[in-house]
Amino acid sequence: MPLIEINIGVIAAHSPDVSLEELEAFAKQLCEDVTPILEEATGARWIFHREVPTRLARDDPRRASDFLDEASLRMVEGPYDAVVVVTDVSLVSRRQRVVPGLASAVARIAVLSAGRLQVSPRGEPLRMLDSDTVRCNAATLLLHLVGHTMGLDHAPPAAGIVMSPFSVDPDRRGIPEFGDRTRR
């Protein structure tokens, strides 16, 4: 049994028209998918705690800072080592780009947009949250964001390395590992 325990608060932040049950089930599965990889990479026990969901007033795109107050409060009350927010709304970076996820090493908060991972090519229906494509991309993204919250930088692009720059891959069917160099 590892001596170190990492406790992560998980908040589902949903827009008014989205099924909270589906988003929470997605977040739960996501945490189950990444736990063994994080434990192997760090030698610590990772525990994800589901927090009370947050209902957003609108489905407008958000910045990571829009979730900061709530996430910080939950981190202190938890207490948690970090907080992950899973939302269905789009996320906007400081450079005004729509992105699938954002992270802050200083605040130890990662925000993942499940809605952004569901986007399909023009003319095709949205991907379902429980599809292999969405699950594998979400797990890859969450591992990448958690890496950033731990202070890791991008690694050179390489197949199967979590800290390679992330992009949604419609053909992704597996979850990458942390490389040996990143693990150290």
Side-chain angles (χ1 to χ4, degrees), residues 2 4-39 41-42 44-94 98-119 126-131 134-151 162 166 168 175:
I4 298 172
E5 197 174 87
I6 309 289
N7 290 281
I8 307 293
V10 180
I11 304 169
H14 64 101
S15 61
D17 298 329
V18 165
S19 165
L20 173 59
E21 293 76 23
E22 285 181 33
L23 189 62
E24 282 191 310
F26 170 77
K28 181 178 186 266
Q29 183 63 58
L30 176 60
C31 294
E32 290 172 5
D33 289 343
V34 301
T35 298
I37 297 166
L38 288 167
E39 289 181 346
T42 62
R45 181 170 180 229
W46 286 70
I47 304 169
F48 289 87
H49 304 269
R50 289 175 36 199
E51 277 286 324
V52 175
T54 297
R55 185 175 187 274
L56 304 171
R58 299 174 314 279
D59 63 357
D60 299 347
R62 308 290 168 113
R63 296 180 181 278
S65 59
D66 293 336
F67 299 99
L68 187 59
D69 287 346
E70 187 69 25
S72 297
L73 176 65
R74 305 283 179 96
M75 189 178 303
V76 171
E77 288 179 341
Y80 298 124
D81 298 297
V83 171
V84 171
V85 178
V86 178
T87 187
D88 59 289
V89 299
S90 294
L91 300 173
V92 180
S93 72
R94 283 181 276 170
V98 176
V99 294
L102 298 163
S104 169
V106 173
R108 296 188 328 265
I109 296 170
V111 185
L112 182 143
S113 173
R116 189 71 192 149
L117 298 173
Q118 291 181 277
V119 174
L126 285 178
R127 294 182 185 104
M128 301 302 294
L129 282 177
D130 61 353
S131 72
V134 173
R135 273 187 66 188
C136 291
N137 276 289
T140 301
L141 176 58
L142 182 56
L143 290 169
H144 185 87
L145 296 172
V146 167
H148 282 311
T149 64
M150 294 189 303
V162 169
F166 178 82
V168 176
I175 303 169

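In what follows, every heavy atom counts, from backbone to side chain, and hydrogens, waters and symmetry copies are set aside.
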**Q** Between Asn7 and Pro79, is any pair of side-chain heavy atoms under 4.5 Å apart?
**A** no
**Q** Measuring only between side-chain heavy atoms, which start at C-beta, is Arg55 closer than 4.5 Å to Leu20?
**A** no
**Q** Of all the heavy-atom pairs spanning Leu126 and Val119, show the shortest one and how long it is.
**A** CD2-CA, 3.9 Å
**Q** Do Trp46 and Val146 come within less than 4.5 Å of each other through their side chains, counting heavy atoms only?
**A** yes
**Q** Of all residues at least two apart in sequence or in a different chain, which pass the ring-ring contact (aromatic ring centres under 6.0 Å, His included) check with His144?
**A** His148, His154
**Q** Might you point out which heavy atoms bring Ser90 and Ser113 nearest each other, and give the distance in Å?
**A** CA-OG, 4.0 Å
**Q** Which heavy atom of Asp33 sits nearest a heavy atom of Ile175, and at what distance?
**A** CB-CD1, 4.1 Å
**Q** What is the distance from atom OG1 of Thr35 to atom CZ of Phe48, rounded to the nearest 0.5 Å?
**A** 4.5 Å
**Q** With a 4.5 Å limit on heavy-atom distance, are the side chains of Phe67 and Thr54 in contact?
**A** no
**Q** Return the CG to CG distance between Leu56 and Asp66, rounded to the nearest 0.5 Å.
**A** 9.0 Å
**Q** Tell me the closest heavy-atom pair linking Ala114 and Leu129, and the distance in Å.
**A** CB-CD2, 3.7 Å
**Q** Any salt bridge between Lys28 and Glu24, counting N to O under 4.0 Å?
**A** no
**Q** Any side-chain heavy atom of Phe26 within less than 4.5 Å of one from Leu112?
**A** yes
**Q** For the residue pair Leu91 and Arg116, establish whether any side-chain heavy-atom pair is separated by less than 4.5 Å.
**A** no
**Q** Hey, what do you get for CG (Leu117) to CG (Leu30), rounding to the nearest 0.5 Å?
**A** 9.0 Å
**Q** Sub-3.5 Å donor-acceptor pair from the side chain of Ser65 to the main-chain atoms of Leu68, do we have one?
**A** no
**Q** How close do Val83 and Ile11 get, counting heavy atoms only, and between which atoms?
**A** CG1-CD1, 3.8 Å
**Q** Can you tell me how far SG of Cys31 sits from CG of Leu142, rounded to the nearest 0.5 angstrom?
**A** 6.5 Å
**Q** So if I apply the side chain to side chain donor-acceptor pair (under 3.5 Å) rule between Tyr80 and each of Arg108, Glu51, Arg74, which one comes out positive?
**A** Glu51
**Q** Restricting to non-hydrogen atoms, name the atom on Asp59 and the atom on Pro16 that form the minimum distance, rounded to 0.1 Å.
**A** N-CD, 4.4 Å
**Q** Rounded at 0.5 Å granularity, tell me how far CD1 in Ile8 sits from NE2 in His49.
**A** 8.0 Å
**Q** Would you say that Glu5 contacts Ile47 through its side chain, given a criterion of any heavy-atom pair below 4.5 Å between the two side chains?
**A** yes
**Q** Mind checking the OG1-CD1 spacing from Thr149 to Ile109? Nearest 0.5 Å is all I need.
**A** 10.0 Å
